[in-house]
Amino acid sequence: MFIVIIEKFFSTFKIPDIVLLILSIVSLFILILSFHKTPHAYSYWRKILGLFVLLFTTTFIYFVIDKYVSRLPDPIIPYILYILLFTIFLGVRIGVLLSIITIFLIEYYLYEPRYIFGITHHPLNIVFISFGLMSGVAIGHEIRKHQQKIEKHSQDLDLLVKAKDQFTAIAVHELKTPLTAISLYSQMLDKQNKNETASKTVQKSIQTITRETGKLTYMINDLLDFSRFQRNKFQLNAEVFNLADLCKERIAIAKTLFPHHIFILRQYVKNTAIYGDRIAIDRVITNLLTNAGKYSFPKSTIIVTLYKRYNSFIICVKDKGVGIDKNHLDKIFEPFYQVESGKKGLGLGLHIAKSIIELHNGKIWAESKIDKGTAFYIRLPVNFQKS
Ligand code: ADP
């Protein structure tokens, strides 16, 4: 069948048919060549060339089928769609230019009698095609305008987000410097007052200052890290360290913060050397232990379990506290998300924890039952590969 069509074509072809065939092949060839030279780049000229290929080859195929296989219906609908696409991608000028070329192509090749520009023999057809194609241009223009508006809005939004991130980074950084000084001096005064005989009120005031600056420093560090993650500026400094030792250290500190809770470490693996960012993983474990203390009751037990699964360590921090409703469970890792609980915080800790663990190619998740307690799990590869 294919051979028959080719034979028929070459036995009855006229010069314009070959011109159209050559035009299709040459434009296709240039297009392929341009992709070969600079792959992936969608330049303006490449788009125009691509659309010309589309127009010439479809006209040619349509023409051959219509002439040698069987009569086809009027091709105006697909052509209107083409013009619509041309206008959306390349603007009104190209849309109008291609419409004019299309009118000639249709007129010259596809309407009987062929090879004659047909204004003299069916003027209504010309009016009909022109009207159809120009409506394509008009609709395409409107769609393009909306598209450009959306693009502009999204660019403005990007700029705003960048400005906000920069503002947060600078503001938080500036806040941190004086806070560090306050924190240092209040700790010094606290130590001194324990030895000397300052009045009870002074001692209590200094203790309050020390505690509150500690909380403030914690929050500011959260904001700093959050801003770093937003700007992709958070970098891991990986080293080999002992994960069990880190857990023990953190549990000892958590005991001083929550002296009425009972902390237990269950270690089911002997060698706990891991390659990762010690300070970052420290932040995650601290956050989980602090939350476990914050959202459970004095005298309740907090169990930290450490074991190995395949090539990863699993750390589980389990409390017997208020629990988290299942509707909130997958949202608690989103930034600034807090379940109504009356406890103060920024709602950033778990988001930062998730970002840190994912940078280590690990995973963090939670299981919880309301009023029964919550278990947070971290899976950390023993030897993560930086991606
Ligand atoms: P923050 O504790 O500063 O509010 P986080 O990101 O650490 O922020 O936690 C987000 C929310 O998840 C908390 O507000 C709390 O409602 C809930 N949550 C976290 N840990 C626990 C836990 N162990 N038990 C119950 N709720 C928790």
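Just follow the structure's listing: the first ligand is 1, and inside any ligand the first atom is 1. Just so it is clear, the values below take in all heavy atoms, side chains as well, and ignore hydrogens, waters and symmetry mates. For the single chain, residues carry numbers from 1 onward in sequence order.
- Without hydrogens or angle criteria, Thr210 side chain to Ile206 main chain gives a donor-acceptor distance under 3.5 Å.
- Panel note: side chain Asp66, backbone Tyr68; no donor-acceptor pair is recorded below 3.5 Å.
- Heavy-atom proximity to atom 27 (C) of ligand 1, evaluated over Ile324, Ile302, Leu288, is greatest for Ile324.
- Residue contacts with ligand 1, taken as heavy atom pairs separated by less than 4.0 Å, involve Leu350 via backbone and side-chain atoms alike.
- Side chain of Asp17 to main chain of Lys14: a donor-acceptor pair is present (N/O by atom type, distance under 3.5 Å, no hydrogens or angles).
- The local environment of OH in Tyr337 is crowded, with over 12 non-hydrogen atoms from other residues, nucleotides or ligands closer than 6.0 Å.
- Heavy-atom proximity to Asn287, at under 4.0 Å, picks out these atoms of ligand 1: 7 (O).
- Checked by distance only, ligand 1 and Gly349 come closer than 3.5 Å through their nitrogen or oxygen atoms.
- Using a 4.0 Å cut-off to heavy atoms of Leu348, the atoms of ligand 1 that qualify are 6 (O), 8 (O).
- Of all atoms in ligand 1, listed by their number and element, those nearer than 4.0 Å to a heavy atom of Leu346 are 3 (O).
- Note on ligand 1: Gly347 sits in its first shell, one or more heavy atoms being nearer than 4.0 Å.
- Considering backbone and side-chain N/O of Ile332, none are found under 3.5 Å from N/O of ligand 1.
- Compare Tyr295, Phe333, Tyr337, Phe336 by their heavy atoms: the one nearest to atom 25 (C) of ligand 1 is in Tyr295.
- In this structure, Lys294 is part of the shell of residues with a heavy atom less than 4.0 angstrom from ligand 1.
- If you look at Val339 next to ligand 1, the close heavy atoms, those under 4.0 Å, come from the backbone and the side chain alike.
- Classification of Lys215 and Glu212 as a salt-bridged pair holds, one side-chain N sitting under 4.0 Å from a carboxylate O.
- Ligand 1 has Phe376 within reach: a non-hydrogen atom of the residue lies less than 4.0 Å from it.
- Annotation: Phe336, atom CZ; neighbour count of heavy atoms from other residues, nucleotides and ligands within 6.0 Å is above 12.
- Distances between N or O atoms of His351 and those of ligand 1 include no value under 3.5 Å.
- The side chain to side chain donor-acceptor pair (under 3.5 Å) analysis of residues 371-382, with sequence neighbours excluded, yields the pairs Ser368-Thr374.
- Taking the charged nitrogens against the carboxylate oxygens, Glu367 and Lys326 have no contact shorter than 4.0 Å, which rules out a salt bridge.
- Contact annotation for Asp222 and ligand 1: no heavy atom of the residue comes within less than 4.0 Å of the ligand.
- The neighbour count for Lys162 NZ, taken as heavy atoms of other residues, nucleotides or ligands under 6.0 Å away, does not exceed 12.
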